[in-house]
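Notes for the one structure printed next.
In this chain, residues are counted from 1 in sequence order. Fair warning: this is a prediction, and the values are worked out from it, not measured in the lab. Side chains are part of it too, since the values below use all heavy atoms of this structure and drop only hydrogens, waters and symmetry mates. In listed order, ligands and their atoms are each counted from 1.
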Amino acid sequence: MKLRVVSDQPWDVAADVLAVPFVGEPGFDGIIGELDRRSGGELHAVADFGELKAERYGAAIVAPGQLRAGRLMAVGAGPADELTRQVVIRVGSAIERRLGGRKVKSLAIWLGDLADRIDGGAEAVAELMARGVVEGSFEPAGIYRDDVKSAPPALDELILVAPGAHVAALTRAAERGVIMGEGANLARGLANRAANDVSPEVLAGEARAIAERHGLFIDVIEPARAAELGMGMFLAVGAGSDNPPRMIVLRSGEAGAKDAVGRKLAIVGKGVCFDSGGISIKPADRMEEMKMDKTGACTVIAAIATVARLAPGTPLLAVAPAVENMPGPHSARPGDIVKAMNGKTVDILNTDAEGRLILGDAMCYAEKLGASHIVDIATLTGAVARALGDQMTGAFGAPQAWYDQVAAAGERGAERYWQLPMIEEYRADLDSWYADFTNTGSAEGGLVKSALFLREFVTVPWVHLDIAGTAYFRKKTPYAPVGATGVAHATLVELALSSAKKR
Ligand code: BES
Ligand code: MN
Ligand code: ZN
C-alpha cells in the first residue's frame, strides 16, 4: 500500500472513495458543508432520510456529484467530548471495514474535523488513522480460505487529506502508524491460527522467521535445556502434550545492553497454544476459544519485530514460553509438586491455572538474562474478562512508578488499562502444606491471587497485563472482526521506544 499525504482540499482529491469523519451530529457547515454542496446535497439528503446519524462508526456512502472522488463516505466519530485517540484508530478501521467487498483501490480520508480535537493535531491523527486503516484491513476469515466475501479491500493507495498541513511531518507520522498497524496484524494473524496448525514448535519457527526478517537474535530452548535450567513449572505444563514445549527468546540490540534510560526491558508473553485445562479439564462450552491462549506470546513476538522496524538496535528482550496444556499419561496432576527456576516449590492444585506456571519460569529466565524491568502479558484469568469485559485490560504492577510508565505508554498507544490492587492479605490463601505455595486459592479474589502468584517470580520492577478479556472479540464490531484484536501491541512498542535513541 502506498501512502500519500496531500494538503489539498478534499474536493480536489481524486480517489475511489473519499471518507469524511464527522464529530457529533452530522452538521453541514465548514468543509463538510462545502462537500455536501459539491456532492449536490447528497449528505444532507441521507441525513434527512435517517441513514446518517450521530452514531459512532456509522457510515453512509453517497454519490460524489462534482467531487473528484468516485464515492463519498461520511462516518461518525461520536460525541466531541468522548473523542479519544482510540476512537480515531477505530474510525479508520470502520472506514476500511465499511468498504468490505467493494471495489476500492485508492482511499482518501479527510483528517480535518478530528485534527482540531486531538492533542498532537493533524500529525497525531495521521498516525492513528493510518494505523486504524491497516488494522481494519485485517481479515481472519481468510486465514484458511482464499475466497472471503466482503473482505476489506486491499488498497493500492491510502491518501490522507489535511489541507494546509506540513506534508513531510504527516507522512512520517502516518508511516509510523502503518508499521504499528502491521505489527498488531502480525500478532493477530498468529494468535488466530488453530491449535492443529500452530504447535509450540511451529510458533518457534514463526518467531525464527520473524527474527531473520528483522535482524533479531533468537534462542529456542527445548525441553532438555529447560530441565538443565530448572524450569520445572514450564516443563510440568508442557508434559501432557505430544507437541513438546518451547521457550522462545528474542533479542534486539546487543546482549546485556541497556537502553537510553538505563533499563534492560523484557516483555514476556503467555504462549499456551491450546489450553484444555489439562487434567483439571475445562467444560466443552467455548473450549475452542483456548487456541487464543497464546495471544500474549504472539504479541511480544510481534512487538519486538515492530520495535526493530521503527528503531533498529533498541535493546529489548522478548520471552515467550510456548506449550500445549493437554491431559494425558504424562500430564501434571493436581497435587503434583514442582520446583520453579528460582528454587521455589509449587503445589499444582489446578492444572488449568497453567499460565502463571509457565510465566513464572519465563520471568525468572528474563531476569537471568539481565532484565531490569519486566512487563508480562497473558490471557490469564476468566475473572478479568468477567470484571472488565473486552474493552479494558486489567493490569497490576509494582513499584507504582514503573506501573505509571507502562500506563503512559498505554496512553501513547491509545489503549485502555485499569489498575487492579495486589491485596497482601490474600497471599495467605496460596499457602501450601507441601510446598512454598499453591498455584490457585479459593475463587474469591482469584484475579488478585493470580498476580500475587506471579509476583513470587520477579525481583525487579514488574507489570502484569491480563488480556483474557481483551485479546479477542466474540462478536464483530464496525471496526473489528471476530478474533484476535492485537491488544497491547502498541503499548509494548511505545514502552520500548520511549527509551530508544532518537534518530
Ligand atoms: N486461559 C485461561 C483463562 C481464560 C479464560 C482466557 C477465558 C480467556 C478466556 C487460564 O489458563 C485459566 O484457565 N484460568 C483459570 C484459572 C483458575 C483455574 C484459577 C480461570 O480463569 O478459570
Ligand atoms: Mn487454563
Ligand atoms: Zn490458559
Side-chain angles (χ1 to χ4, degrees), residues 191-192 195 198 200 203 233-234 236-241 245 268-299 320-327 331-336 346-362 376-394 396 420 426-427 429-430 432 437-454 464-475 482-485 487-488:
N192 273 331
V198 177
L203 188 59
M233 298 194 295
F234 170 67
V237 177
S241 175
V268 179
K270 172 178 173 179
V272 178
C273 293
F274 189 73
D275 181 12
S276 71
I279 298 298
S280 314
I281 198 161
K282 287 180 180 297
D285 194 40
R286 285 184 170 171
M287 203 202 274
E288 74 282 0
E289 290 181 4
M290 289 301 116
K291 66 180 173 189
M292 311 294 282
D293 213 20
K294 61 184 179 302
T295 304
C298 302
T299 307
V323 299
E324 250 178 28
N325 187 24
M326 297 289 281
S331 294
R333 293 146 291 230
D336 278 7
V346 176
D347 186 352
I348 302 179
L349 287 190
N350 189 324
T351 65
D352 198 13
E354 83 297 342
R356 59 196 75 181
L357 299 173
I358 65 172
L359 287 169
D361 277 339
D376 85 77
I377 166 164
T379 47
L380 204 69
T381 68
V384 83
R386 285 191 290 278
L388 299 177
D390 62 12
Q391 292 291 329
M392 180 118 40
T393 295
F396 295 84
L420 299 159
Y426 302 167
R427 170 61 183 76
D429 198 39
L430 297 178
S432 163
F437 41 86
T438 62
N439 73 331
T440 54
S442 60
E444 295 78 24
L447 177 52
V448 172
K449 289 169 195 170
S450 71
L452 292 174
F453 180 93
L454 290 175
H464 162 56
L465 307 176
D466 192 340
I467 57 166
T470 50
Y472 55 94
F473 286 156
R474 294 193 169 114
K475 284 191 289 207
V482 167
T485 58
V487 72

The protein N, O or S atoms lying under 2.8 Å from the Zn ion (ligand 3) are Lys270 NZ, Asp275 OD2, Asp293 OD2, Glu354 OE2
Per the under 4.0 Å non-hydrogen criterion, ligand 1 touches Lys270, Asp275, Lys282, Met290, Asp293, Asn350, Asp352, Glu354, Arg356, Thr379, Leu380, Thr381, Gly382, Thr440, Ala468, Tyr472
Can any side-chain N or O of Asp361 pair as donor or acceptor with the backbone N or O of Phe234 at less than 3.5 Å? yes
Query raised in the report: Do the rings of His464 and Phe396 sit parallel, tilted or perpendicular, given the 30° and 60° boundaries?
Result: parallel
Could you verify whether a donor N or O on one side chain and an acceptor N or O on the other, from Thr393 and Thr470, lie under 3.5 Å apart?
-> yes
For Lys449 and Glu444, the nearest pair of non-hydrogen atoms, with its separation, is NZ-O, 2.7 Å
For Asn192 and Ala484, the nearest pair of non-hydrogen atoms, with its separation, is OD1-N, 2.9 Å
For Glu354, the N, O or S atom at the shortest distance from the Mn ion (ligand 2) is OE1
Judged by atom type as modelled, is there a donor-acceptor pair below 3.5 Å linking the side chain of Thr295 to the main-chain atoms of Met292?
yes
Pair Thr379-Asp293, side-chain donor/acceptor within less than 3.5 Å = yes
- request: Give a yes or no answer on whether the side chain of Lys294 reaches the backbone of Val272 with a donor-acceptor pair at less than 3.5 Å.
  value: no
(Q) Main chain of Asp347, side chain of Thr438: is a donor-acceptor contact present, judged purely on distance under 3.5 Å? (A) no
Worksheet item: Is there an N/O/S atom in Asp275 that lies less than 2.8 Å from the Mn ion (ligand 2)?
Response: yes
Counting N and O atoms only, with roles assigned by atom type, does the side chain of Thr351 sit under 3.5 Å from a partner on the main chain of Gly277, one being a donor and the other an acceptor? yes
